[in-house]
Amino acid sequence: QVQLAESGGGSVQAGGSLRLSCAVSADGYSGYCLGWFRESPGKSREGIAAIIDGDGRTKYADSVKGRFTISKDNAKNVLYLQMNNLNAEDTGTYYCALDLSGYGLGMSLLRSDFGYWGQGAQVTVSS
């Protein structure tokens, strides 16, 4: 059974930081790809970061590169998204997602390559 549950959203002023967490339950699976997506008001859901479980390879969208860091605590099975230097355009609902293909398809940051989703966490950045 696969379950994803985000936490850590909230409100912050521009220039501030937040860390999102996603508890991952994927017993029996390994080598999968985990990603973070963002759905901003009036925009479609976009992939912003991905990581391969076990080998640590990461991928970032240009919009967050250098400001956001994706990581995973394997002991706790928790995925993180550290977000620094936030701006108003980062406002939206953030989702963690899981690609079980084992081929790293999720490194494409395409929504269609992820089959499992968390419920979402709201992030609001005020200027």
>> Would the distance check show the side chain of S40 and the main-chain N or O of T91 forming a donor-acceptor pair, the cut-off being under 3.5 Å?
In response: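 Such a contact is found between S40 side chain and T91 backbone.
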Members other than [X] in its cluster, when Ile, Leu, Val, Met, Phe, Trp, Tyr link by side-chain heavy atoms under 4.5 Å?
| X | result |
| --- | --- |
| L110 | none |
| Y80 | V78 |
| M107 | I52 |

Which pairs, with at least one residue in [range] and sequence neighbours excluded, count as a side chain to side chain donor-acceptor pair (under 3.5 Å)?
| range | result |
| --- | --- |
| residues 23-33 | none |
| residues 100-111 | D99-S101, S108-D113 |
| residues 48-65 | D53-K72, D55-R57, D62-K65 |

Which heavy atom of [X] sits nearest a heavy atom of [Y], and at what distance?
| X | Y | answer |
| --- | --- | --- |
| E6 | A121 | CB-CB, 4.0 Å |
| S71 | I51 | CA-CD1, 4.0 Å |
| A50 | G106 | CB-O, 3.8 Å |
| K43 | E39 | O-CG, 3.8 Å |
| L86 | R67 | CA-NH1, 3.9 Å |

Under 3.5 Å, side-chain donor or acceptor atoms of residues 11-24 against the rest of the protein: list the pairs with distances, not counting sequence neighbours.
| residue | atom | partner | partner atom | Å |
| --- | --- | --- | --- | --- |
| S17 | OG | N84 | OD1 | 2.9 |

Report the distance from atom [atom1] of [X] to atom [atom2] of [Y], rounding to the nearest 0.5 Å.
| X | Y | atom1 | atom2 | value |
| --- | --- | --- | --- | --- |
| L81 | W36 | CG | CH2 | 6.0 Å |
| L34 | L4 | CG | CG | 7.0 Å |
| Y94 | M83 | OH | CE | 5.5 Å |

Just grab all the disulfide (SG to SG under 2.5 Å) pairs involving [range], residues at least two apart or on different chains.
| range | result |
| --- | --- |
| residues 37-80 | none |
| residues 29-70 | none |
| residues 56-92 | none |
| residues 49-80 | none |

> What about W117 and V123, same hydrophobic cluster or not, with Ile/Leu/Val/Met/Phe/Trp/Tyr joined at side-chain heavy-atom distances under 4.5 Å?
Replying inline: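 W117 and V123: separate clusters.
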>> Is there a path of hydrophobic side-chain contacts, each under 4.5 Å between heavy atoms, that joins V2 and Y95?
In response: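 No, because V2 and Y95 fall into different hydrophobic clusters, even though each may have its own neighbours under 4.5 Å.
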>> Once ring-ring contact (aromatic ring centres under 6.0 Å, His included) is applied, do any residues pair with F114, and if so which ones, sequence neighbours excluded?
In response: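 With neighbours one apart ignored, the set is F37.
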> Only one of Q122, R45, R38 clears side chain to side chain donor-acceptor pair (under 3.5 Å) with T93; which?
Replying inline: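 For T93, the side chain to side chain donor-acceptor pair (under 3.5 Å) check succeeds only for Q122.
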